[in-house]
Amino acid sequence: MCIVANLPDSFSEVCTSLIANAERQDEENGGSRIRMQALTMLCQMYPAQTLAVRAKCVEMCRMPALTITLSLEHAHRNRYEQGVNDIVAFVSGLLLGNDPQVRNYFASFVRNRQKRNRESSSTVLQHLREELLYHLQGAVVFSVENRLPASSVVQASSLLRLYCALRGIAGIKFQEEEVSLIVQLLTSQPPPSPAGVRFVSIGLCMLIACPSLITLNEHETKCINWVKWLVQEEAYFESASGVSASFGEMLLLMAIHFHSNQLSAICELVCSTIGMKVAIRHNNMTRMKQIFTQEIFTEQVVTSHAVKVPVTANLSANITGFLPVHCIHQLLKSRAFTKHKVPIKDWIYRQICSSDAPLHPVLPALVEVYVNSILVPGSKSPSENTNQPIDEEEIRRIFRNSLTHQKNSANLSNRLSPKQSSSSLTAQLLLLYYVLHYEDVRLANMTGYIKAGRDKIKSYSTEFLSELPIKYLLQQAEKDQHSYSGIFPQLLRLLATHFPHLALVNDWMIEDIILSTKQTESSDLSEVEIEEGLSVMSSSPLHTERLLKKMLSLPATELWPFAPLFIKHFNKTLEPSVPRHIQELYRLTWLKLNTVLPRCLWVMTINALRHNQSALPDLTQENVVLDPLQVVRCDNRVFRCPTALAVLLRVLAACLQASRSQLSRHLLDQPLVTAAAANAAIGGKGQLSSDAEREELKAALIATQESVAAQILLEACMETESDRKTPGQMWALREVRSIICSHLHQVYIADPSLAKLIHFQNYPRELLSVAVPGIPSMHICLDFIPELLSQPNLEKQIFAVDLAAHLSLQYALPKSMSVARLCVSTLTTLLSVLSSTNRAELFSATLQSLVCVCVAFPPLVDDVLALLMQLGRITIAEASRGNTVSFSFREPGSEQHLLSQIQTAFEQILLNAVLKVKIY
């Protein structure tokens, strides 16, 4: 002391050294006591450094008793000097700060001192409790007639939170006087303000975190009356304080969790509200559970009250805290609404309509639980006890004019009834998710419904689903994934599962390019202008070009109202006098419209390109899905117009996929539960006995549709007399072949079995010279050519040999050589077993293929020449027997004609394979 008095500059160094060499926790030995007395006297000598020494103790986590002693002395000194007392804030900082080491350091001190329970060693802790009790008394004194003034609300909240930390973290046991004052302060009635809402929330959580507060009947009665007062005043508090997430939702949520016995969820709710991790034993909450479930909130009261709670306006992720949506979600999970037959559909519909971006994380879960409560009956409740689904008309009301909601939002809000909010993108996405998830769950459980006799399950019709702008909404969600990340993956999964024709990869790729182009905000575009511009595309293409460029610069949603008028002129683009540039601009505009309501656009396009449009009724989406081959029953000029054909192939691929999806949906929608039901489904004929047979029939129908479509496209590649006579038509044919081959390549890659089916059905052999070089995936045919060769049909065998020859030239691989050798061997075998007529037919068609095999694989020349020699001998013998040998006679099908072909083939093999000088 004397040294520091004479050398005041060494004060900080001496104090730091004393603290650093002290024990982590104060002991009762003499050294620790002397060290603490020395530091206390040093701080009394120099009061200005008291807080600095205290901070050094906390920083080093040493001498906690000294820390409290210095804090108390500082508090007493400031109290007399009418200064600021920081004891509550300081102790709260130690227990609730972000440093876990400091928290453990002080909590261990309190816990250890309390365990010793001796007067001498608990003096510091007792002084701290007395100081805090003094502050508690002061707060209670200000509460006149149990009403807490606004000036004391924040201080009272801090005190409650500190005592909660002392109990939950430091493990302190409340004394009788402390319990009495805490209960008196906790049950005070604060003013309706954000601070008052916070005070009440902390009080509610403290009742659960500190069950020792209600051990006495007097305190329990007081707390129960206070909670009942909160229930009555909750609506007034929310309206007067301006806080949307009030304690009313917390009360309701606690009651719901207590009823469903989810005590862990209550613990999480309490900890998140008071901002600290408190260990709450479940057995200590037994009395609070009885109070909530039996005296304040019975289950029927909870459900009835929850439905009357107003929905949260403009609910989004920006609104934090516990909201009505949390309560409804929890009640739906516990099946409380269905148990007490409380209708909840209208509340959920209003809340969905009142949602906004960014999406609140509970809303998707709310939709899922609501759907399950409709379609999946509880295990303990009868099947008829389920919630009601949302009506189609209510959903239509939100989706009506959804494509132009940005442009006409004011008009739309005027058209909606007062009970509904504006059809925001968030509401539309949630309702779309509801419809898709509803159908997904319903189809997955149809077998169970039929077994349970639930035949009146509501299903949303195909016509209704076709009205929803599914693809457009998904694109909007994809653009703003930051706001809709909680729902976009689920929507994408459901789209790919139930609407795969709206999730084609090619469409997504081209749409990203189209939608990324620069667009004007708005432009005046009228039907008259479009009619005039498109009607003169042949005579005045410059006028049409300006119109189409203007349409391409507009957003797709603004273009959609003109889609019927635009598609009406599609067949005019097929005229030869229309410039290619105009056709390309028309195609790009069509692709832009395809991003909005593609299914409607496909039907309009099919109707516009049909034969005899005036004589036939317009097709509907249902017609096209049932018979997707309607797409290729179109004007023949489409198959010589590359831009129109590209559009048609997109529509064809989508309609085939839609048909496949519809057939799968039909099987799920009409399951065969028993054999008797299967027989009844087909009129009692007994042809179907299991779902496996139905799957086989479905697969056969799909394969038939897709193979017929591929055959039609292949035949469209054949050169006609008109192509040769019309100037420029051969160039168009060449491009058409490229487009069709690219399409078939994707088809074969997606389903290799389809390629096998098409080639087993055969197509004109003239097209092999187009298909083999044009379709990169044709090499897969090497796998099934041996099987095709073994077919007992001469035409199929000829086709197989010709296909193998073309593949050998295109893919000179070891596998190709093996297949080619097999073909030569097969022909050698057939030579000796076929009749003369069939032999002539076979080899007349395959001699040129043998030449191609020799060109591709010279090692096979010997085998081929041996085959030709044997064929020539047999043919001469056949001709000699008929005494009709005349080598100048060239009648097709005769032996002389075949001999001429053999001789020509022999010459070509020698020229192109044996005597060929050029290697590369």
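Excluded from the calculations below are hydrogen atoms, water molecules and symmetry mates; all remaining heavy atoms, backbone and side chain alike, are included.
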Student: Heavy atoms only: give me the nearest Ala556-Thr595 pair and the separation to one decimal.
Tutor: CB-OG1, 3.6 Å
Student: Kindly write out the residues that satisfy side-chain contact (heavy atoms from CB on, under 4.5 Å) with Ser577, not counting sequence neighbours, or none if the list is empty.
Tutor: Ser538, Glu575
Student: Mind running side chain to side chain donor-acceptor pair (under 3.5 Å) on Tyr438 and Ser459 for me, showing each step along the way?
Tutor: CA-CA 9 Å; Tyr438 181 95; Ser459 65; over 6 Å; no
Student: Are the side chains of Trp602 and Leu619 in touch, meaning some heavy atoms are under 4.5 Å apart?
Tutor: no
Student: Can you confirm whether Glu439 sits close enough to Arg665 that some side-chain heavy atom of one is under 4.5 Å from a side-chain heavy atom of the other?
Tutor: yes
Student: If the threshold is 4.0 Å, N to carboxylate O, is there a salt bridge linking Glu394 and Arg397?
Tutor: no
Student: Between Ser659 and Gln705, do the side chains contain an N or O donor and an N or O acceptor separated by less than 3.5 Å?
Tutor: yes
Student: Carefully, step by step, assess Tyr748 and Met778 under the rule side chain to side chain contact (heavy atoms under 4.5 Å, CB included).
Tutor: CA-CA 8 Å; Tyr748 292 169; Met778 280 291 287; 3.9 Å; yes
Student: Report yes or no: is the cationic atom of Lys756 (NZ for Lys, CZ for Arg) under 6.0 Å from the centre of the six-membered ring of Phe760, at an angle within 45° of the ring normal?
Tutor: yes
Student: How close do Leu733 and Met718 get, counting heavy atoms only, and between which atoms?
Tutor: CD1-O, 4.5 Å
Student: Just by distance, do the side chain of Ser661 and the backbone of Gln657 share a donor-acceptor pair under 3.5 Å?
Tutor: no
Student: Is a donor on one side and an acceptor on the other found under 3.5 Å between the side chain of Gln583 and the backbone of Thr643?
Tutor: no
Student: Is Gln621 close to Cys600 at the side-chain level, that is, under 4.5 Å between some pair of heavy atoms?
Tutor: yes
Student: Look up atom CG in Leu430 and atom CD1 in Ile348, then write down how far apart they are to the nearest 0.5 Å.
Tutor: 11.5 Å
Student: What distance do His745 atom NE2 and Ile775 atom CD1 have between them, rounded to the nearest 0.5 Å?
Tutor: 9.5 Å
Student: Step through it carefully: locate the ring centre of Phe464, locate the ring centre of Tyr460, and say whether they are under 6.0 Å apart.
Tutor: yes
Student: Step by step, work out the side chain to side chain contact (heavy atoms under 4.5 Å, CB included) result for His498 and Ile470.
Tutor: CA-CA 11 Å; His498 298 286; Ile470 299 175; over 6 Å; no
Student: Treating Ser742 as the side-chain partner and Ile739 as the backbone partner, does any N or O pair qualify as donor plus acceptor under 3.5 Å?
Tutor: no
Student: Thr605 side chain to Leu601 main-chain N or O, any donor-acceptor pair under 3.5 Å?
Tutor: yes
Student: Assess whether side chain to side chain contact (heavy atoms under 4.5 Å, CB included) is satisfied between His360 and Ser355, documenting all intermediate values.
Tutor: CA-CA 8 Å; His360 195 280; Ser355 58; over 6 Å; no
Student: Return yes if a side-chain donor-acceptor contact under 3.5 Å exists between Glu368 and Tyr433, otherwise no.
Tutor: yes
Student: Once you round to the nearest 0.5 Å, how far does CD1 of Ile702 lie from CG of Leu656?
Tutor: 9.5 Å
Student: Do Gln490 and His437 have side-chain N/O donor and acceptor atoms under 3.5 Å apart?
Tutor: no
Student: Which atom names give the shortest non-hydrogen contact between Cys641 and Val736, and what distance separates them?
Tutor: N-CG2, 4.3 Å
Student: Once side-chain hydrogen bond (donor to acceptor under 3.5 Å, both in side chains) is applied, what residue pairs with a partner in residues 763-776 remain, sequence neighbours excluded?
Tutor: His759-Tyr763, Arg765-Asp802
Student: For the atom pair CZ (Arg396) and CG (Asp391), what is the distance rounded to the nearest 0.5 Å?
Tutor: 10.5 Å
Student: Any donor and acceptor pair, going by atom type alone, linking the side chain of Gln662 with main-chain N or O of Thr462 inside 3.5 Å?
Tutor: no
Student: Mind telling me whether Phe570 and Tyr586 have parallel, tilted or perpendicular rings, with 30° and 60° as the class edges?
Tutor: tilted
Student: Under a 4.5 Å cut-off applied to non-hydrogen side-chain atoms, are Val624 and Thr620 in contact?
Tutor: no
Student: Looking only at heavy atoms, which two atoms of Cys781 and Leu807 are closest? And how far apart?
Tutor: CB-CD1, 3.9 Å
Student: For Gln729, does its backbone N or O pair with a side-chain atom of Thr726 as donor and acceptor, under 3.5 Å?
Tutor: no
Student: Verify the neighbour count for atom CZ of Arg580: are there more than 12 heavy atoms of other residues, nucleotides or ligands below 6.0 Å?
Tutor: yes
Student: Would you mind reporting whether Leu714 and Ile758 have side-chain heavy atoms less than 4.5 Å apart?
Tutor: yes
Student: Of the non-hydrogen atoms in Leu425 and Gln476, which two are nearest, and what is the gap between them?
Tutor: CD2-CB, 3.7 Å
Student: I'd like to know if Asp627 pairs up with Arg633 as an ion pair, taking the criterion as any Lys NZ or Arg NE/NH1/NH2 lying under 4.0 Å from an Asp or Glu carboxylate oxygen.
Tutor: yes
Student: Determine whether a donor-acceptor pair (N or O, by modelled atom type, separation under 3.5 Å) exists between the side chain of Arg640 and the backbone of Ala716.
Tutor: yes
Student: Once rounded to the nearest 0.5 Å, what's the spacing between atom CG of Leu768 and atom CD of Gln810?
Tutor: 12.0 Å
Student: Taking the side chain from Asn607 and the backbone from Val603, do they hold a donor-acceptor pair closer than 3.5 Å?
Tutor: yes
Student: Can you tell me if Glu622 has over 12 outside heavy atoms packed within less than 6.0 Å of its CD?
Tutor: no
Student: Are any non-hydrogen side-chain atoms of Asn594 and Lys471 less than 4.5 angstrom apart?
Tutor: yes
Student: In sequence, state the C-alpha distance, the side-chain angles, and the governing distance for Glu527 and Glu532, and then conclude on side chain to side chain contact (heavy atoms under 4.5 Å, CB included).
Tutor: CA-CA 9 Å; Glu527 293 185 358; Glu532 292 177 353; over 6 Å; no
Student: In terms of side-chain heavy atoms, does Lys698 have a donor or acceptor partner in Ser664 at a distance below 3.5 Å?
Tutor: yes
Student: Any sub-3.5 Å donor-acceptor pair from Thr589's side-chain atoms to Leu585's backbone N or O?
Tutor: yes
Student: Could you check whether any side-chain heavy atom of Pro358 comes within less than 4.5 Å of a side-chain heavy atom of Asn318, counting everything from C-beta outward?
Tutor: yes
Student: At their closest point, which heavy atom of Cys717 faces which heavy atom of Arg737, and how far apart are they?
Tutor: O-NE, 2.8 Å
Student: Heavy atoms, side chains only, cut-off 4.5 Å: are Ser777 and Gln746 in contact?
Tutor: no
Student: Might you work through the salt bridge (Lys or Arg N to Asp or Glu O under 4.0 Å) test for Asp669 and Arg442, ending with a clear yes or no?
Tutor: CA-CA 9 Å; Asp669 212 1; Arg442 184 185 69 83; 2.9 Å; yes
Student: Rounded to the nearest 0.5 Å, what's the gap from CG on Leu436 to CG on Leu465? Could you check?
Tutor: 7.5 Å
Student: Under the 3.5 angstrom rule, does the side chain of Lys550 hit a backbone N or O of Leu525 as a donor-acceptor pair?
Tutor: no
